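On a predicted model such as this, the values are computed, not experimentally measured, just so you know.
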Amino acid sequence: MKELGDLLKVTPVEVIKRLMTNGVMASMNQSIDYDTAAVVAVELGWDPQEEVAVEVAPSPPAIEEEEADDPATLKERPPVVTILGHVDHGKTSLLDAIRKTRVAAGEAGGITQHVGAYQVEREGRKITFIDTPGHAAFTAMRARGAQVTDIAVLVVAADDGVMPQTIEAISHAQAAGVPMIVAINKMDLPGANPDRIKQQLTEHNVVVEDFGGDIVTVPVSATKGTGIDDLLESINLVAEISELRANPDRPAAAVVVEAEMDSSRGPLATLLVKNGTLRQGDAIVAGEISGRVKAMFDDRGERIREAGPSTPAVVMGMEEVPEAGERLRVVADEKTARQVVEDRRRAREASEQTAHAHVNLDTLFNEISAGKLKELIIVLKADVRGSAEAIRAAVERLSTAEVKVKVIHSSTGTVNDSDVMLAEASNGIILAFNTKVDPSARKRSDATGVDIRSYGIIYQLLEDIEKALAGMYEPVYNMVVDGHAEVRQVFKSSRVGGIAGCYVTDGTIRRGLSVRVLRGGAELAKGRCEGLKRFQDDVREVQTGYECGVVVSGFDKFAEGDVLEFFHEERAN
């Protein structure tokens with residue numbers, strides 16, 4: 001009943017009442033057949049259409065799903081590392097210091113171009129670094145299904161300590177479930193206080209080895225170049241524990257780290273090979289873009305013919321510039337690549353016809369009941385730290401046997417793009433208490449389907465979560481006016497009674513919209529637009545400046561001069 005109520009934008013109680021008037025007795029969780037549901041829908045002014053199953057010809061196997069490799073084929077691969085942290089804490093300086101180690105080790109050439117990813121070698125073992133602008137890019141990739149990072153290095157300035165962006169970076173790394181290493185940078189400065197930083201990290205569930213935890217900390221100075229070898233050794237140690245392996249003898253699966261249009265070489269994509277080996281001449285697909293590997297370059301700009309697991313490579317040959325985070329696959333030939341692209345376009349266009357499948361409070365209980373949701377992920381923003389801590393503790397106590405409530409990030413300040421990205425990648429919701437939502441964050445949430453709920457009273461926030469978990473949450477809807485029409489003439493029909501001959505004064509009126517009948521500015525009746533005609537033709541909508549005939553459910557006593565206000569309801573955030 002709740003699912004039908006959601007579709008018809010009424011409460012489950014209203015659905016049950018309608019069924020009872022038609023002699024059908026049903027409970028809140030009972031299922032009903034299509035014909036019975038259609039009767040309710042028609043009474044509420046909807047035009048139901050039964051969904052017909054369409055037989056689809058078998059498709060070739062989806063290349064998104066990789067077959068599991070035989071353990072015997074797996075070989076050790078280099079770890080892929082992302083460096084995160086607060087602005088001005090020395091992320092870029094640390095990356096530069098790491099780059100210099102390979103030149104110092106006698107490697108010819110040096111960095112000739114920025115390619116977004118590069119490798120260093122220590123004691124015969126390679127480490128791949130992803131050069132991202134920060135945790136936002138790290139999570140944007142994850143939101144696209146590209147979990148490229150094996151280890152996250154969190155950079156914290158020894159003289160500055162844990163800052164807001166440090167906390168955000170911690171939350172993003174923890175949500176991704178990757179091992180973390182803390183690089184305490186700027187140890188050469190007089191105000192360096194590593195013990196204070198270790199204590200601060202503990203407050204955010206990052207317990208370092210010195211305090212009995214399992215997070216490795218490494219003191220470094222990017223400007224002096226000290227501690228870099230120790231950091232690389234720690235990365236290799238964590239990688240060894242993680243047992244990172246891949247099969248180099250299969251067609252490549254890779255991720256686009258970054259891409260650009262080069263004026264002389266065309267679309268260039270920096271790829272990180274996740275599994276298999278990418279070779280010159282391979283037919284490739286990334287998202288809705290196909291191509292063929294015409295040439296490949298390593299991170300020093302030198303031409304290479306193949307790239308194995310965890311190896312970065314710049315590739316020429318894509319038809320267009322792909323987006324960062326897109327997953328790339330090698331397929332049999334260019335014809336197959338074009339077919340895969342066409343299939344993906346059709347699938348996207350079909351999916352755009354449906355609503356976002358992102359979790360929200362309105363449909364939470366249905367997801368739990370269907371066994372699709374075992375954990376409600378929450379990103380919490382509040383006006384002050386005390387409120388954030390109190391709400392976090394109270395919300396997590398609402399966990400039930402069926403679903404665990406988990407706050408993966410809580411902080412003070414407005415809801416920003418980073419919060420929405422984290423909720424999107426984690427399939428979570430955002431709770432904002434006594435704080436605003438940035439316009440850009442609101443725009444991103446609308447585009448991605450991330451549910452943002454704003455509250456000013458704690459008990460209302462907790463009550464909504466509790467009701468949603470129990471299947472009793474009723475969404476609040478706001479009325480949105482679509483247009484007005486003035487009644488110029490009244491016609492009689494033996495079948496439907498009075499028909500209002502109208503002139504649309506503003507907006508666009510549509511069949512199926514709710515209608516208020518206004519006389520002298522006062523509401524006379526309310527119903528739904530059951531019929532809309534232009535001359536003798538049934539139409540779905542009529543725009544400003546045109547005449548039409550209108551039939552309203554439950555009312556036909558129109559008079560000249562009446563105003564019909566057409567509206568629909570949208571869920572309030």
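Of the possible donor and acceptor atoms, one in the side chain of Asn416 sits under 3.5 Å from a partner among the backbone N and O of Ser418. A donor-acceptor pair under 3.5 Å is formed between the side chain of Lys381 and the backbone N or O of Thr414. Of the possible polar contacts, one joining the Arg245 side chain to the Leu74 backbone as a donor-acceptor pair under 3.5 Å is found. Judged purely by atom type and a 3.5 angstrom limit, Arg444 has no side-chain atom pairing as donor or acceptor with the backbone of Val420. In this structure, the side chain of Thr435 engages the main chain of Gly413 through a donor-acceptor pair within 3.5 Å. Using modelled atom types, no side-chain atom of Arg385 and backbone atom of Thr412 make a donor-acceptor pair closer than 3.5 Å. A donor-acceptor distance shorter than 3.5 angstrom exists from the side chain of Thr166 to the backbone of Met163, with no hydrogens or angles considered. For His89 (side chain) and Ala157 (main-chain N/O), a donor-acceptor pair under 3.5 Å exists by modelled atom type. With hydrogens and angles disregarded, no donor-acceptor distance shorter than 3.5 Å links the side chain of Asp464 to the backbone of Leu461.
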The test is side-chain contact (heavy atoms from CB on, under 4.5 Å); show your working for Asn427 and Ile377 and say whether it passes.
CA-CA 7 Å; Asn427 194 26; Ile377 301 296; over 6 Å; no
Should Ile452 and Ile429 be marked as a side-chain contact (heavy atoms from CB on, under 4.5 Å) after you check the CA-CA gap, both sets of side-chain angles, and the distance that decides it?
CA-CA 6 Å; Ile452 302 178; Ile429 66 171; over 6 Å; no
Kindly determine whether Asp383 and Lys436 satisfy salt bridge (Lys or Arg N to Asp or Glu O under 4.0 Å), including the steps that lead there.
CA-CA 9 Å; Asp383 53 345; Lys436 296 179 180 178; over 6 Å; no
Show the numbers, then the answer: is there a side-chain contact (heavy atoms from CB on, under 4.5 Å) between Val255 and Leu328?
CA-CA 6 Å; Val255 173; Leu328 179 140; over 6 Å; no
Test salt bridge (Lys or Arg N to Asp or Glu O under 4.0 Å) on Arg345 and Glu288 and set out the steps.
CA-CA 7 Å; Arg345 281 187 184 139; Glu288 294 179 13; 3.8 Å; yes
With salt bridge (Lys or Arg N to Asp or Glu O under 4.0 Å) as the criterion, how do Asp446 and Lys443 come out once you've worked through the C-alpha distance, each side chain's angles and the decisive distance to 0.1 Å?
CA-CA 5 Å; Asp446 290 341; Lys443 187 176 179 182; over 6 Å; no
Verdict with supporting geometry, Ile378 and Val395, side-chain contact (heavy atoms from CB on, under 4.5 Å)
CA-CA 9 Å; Ile378 292 173; Val395 163; 3.4 Å; yes
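The local environment of CD in Glu396 is crowded, with over 12 non-hydrogen atoms from other residues, nucleotides or ligands closer than 6.0 Å. More than 12 heavy atoms of other shown residues, nucleotides or ligands fall within 6.0 angstrom of atom CG in Asp210. The number of heavy atoms from other shown groups lying within 6.0 Å of CD (Glu203) is above 12.
Annotation: side chain of Leu154 is not in contact with side chain of Ile181 (no heavy-atom distance under 4.5 Å). Using a 4.5 Å cut-off on side-chain heavy atoms (C-beta onward), Ser310 and Val273 make no contact. Pro78 has its side chain out of reach of Arg125: every pair of non-hydrogen atoms, C-beta onward, lies at least 4.5 Å apart. The closest side-chain heavy-atom distance from Val155 to His86 is not below 4.5 Å. No side-chain heavy atom of Val153 sits under 4.5 Å from any side-chain heavy atom of Thr82. Residues Val341 and Ile289 have side chains not in contact (no heavy-atom distance under 4.5 Å, counting atoms from C-beta outward).
Taking both residues in full, the closest heavy atoms of His409 and Ser171 are given as ND1-OG, 2.5 Å, listed atom of the first, atom of the second, then distance. When all heavy atoms are compared, the tightest approach of Ala97 to Ile228 is CB-CD1, 3.9 Å. Between Ala192 and Lys186, the closest heavy-atom pair is CB-O, 4.0 Å. Nearest heavy atom pair, residue Pro267 against residue Met318, reads CG-O, 3.3 Å. Between Pro79 and Ile235 the shortest heavy-atom distance is CG-CG2, 4.1 Å. Smallest separation of non-hydrogen atoms from Ala222 and Asn185: N-OD1, 3.0 Å.
With respect to the salt-bridge test (charged N to carboxylate O, under 4.0 angstrom), the residues Lys198 and Glu209 do not qualify. A salt bridge links Arg77 to Asp150: one of the charged nitrogens lies within less than 4.0 Å of a carboxylate oxygen.
For the atom pair CD of Glu260 and OG1 of Thr270, the computed distance is 7.0 Å after rounding to the nearest 0.5 Å. Taking CG of Asp451 as the reference point, atom CG of Leu431 lies at 8.5 Å (rounded to 0.5 Å).
For Phe129 and Tyr118, the ring centers sit closer than 6.0 Å to each other.
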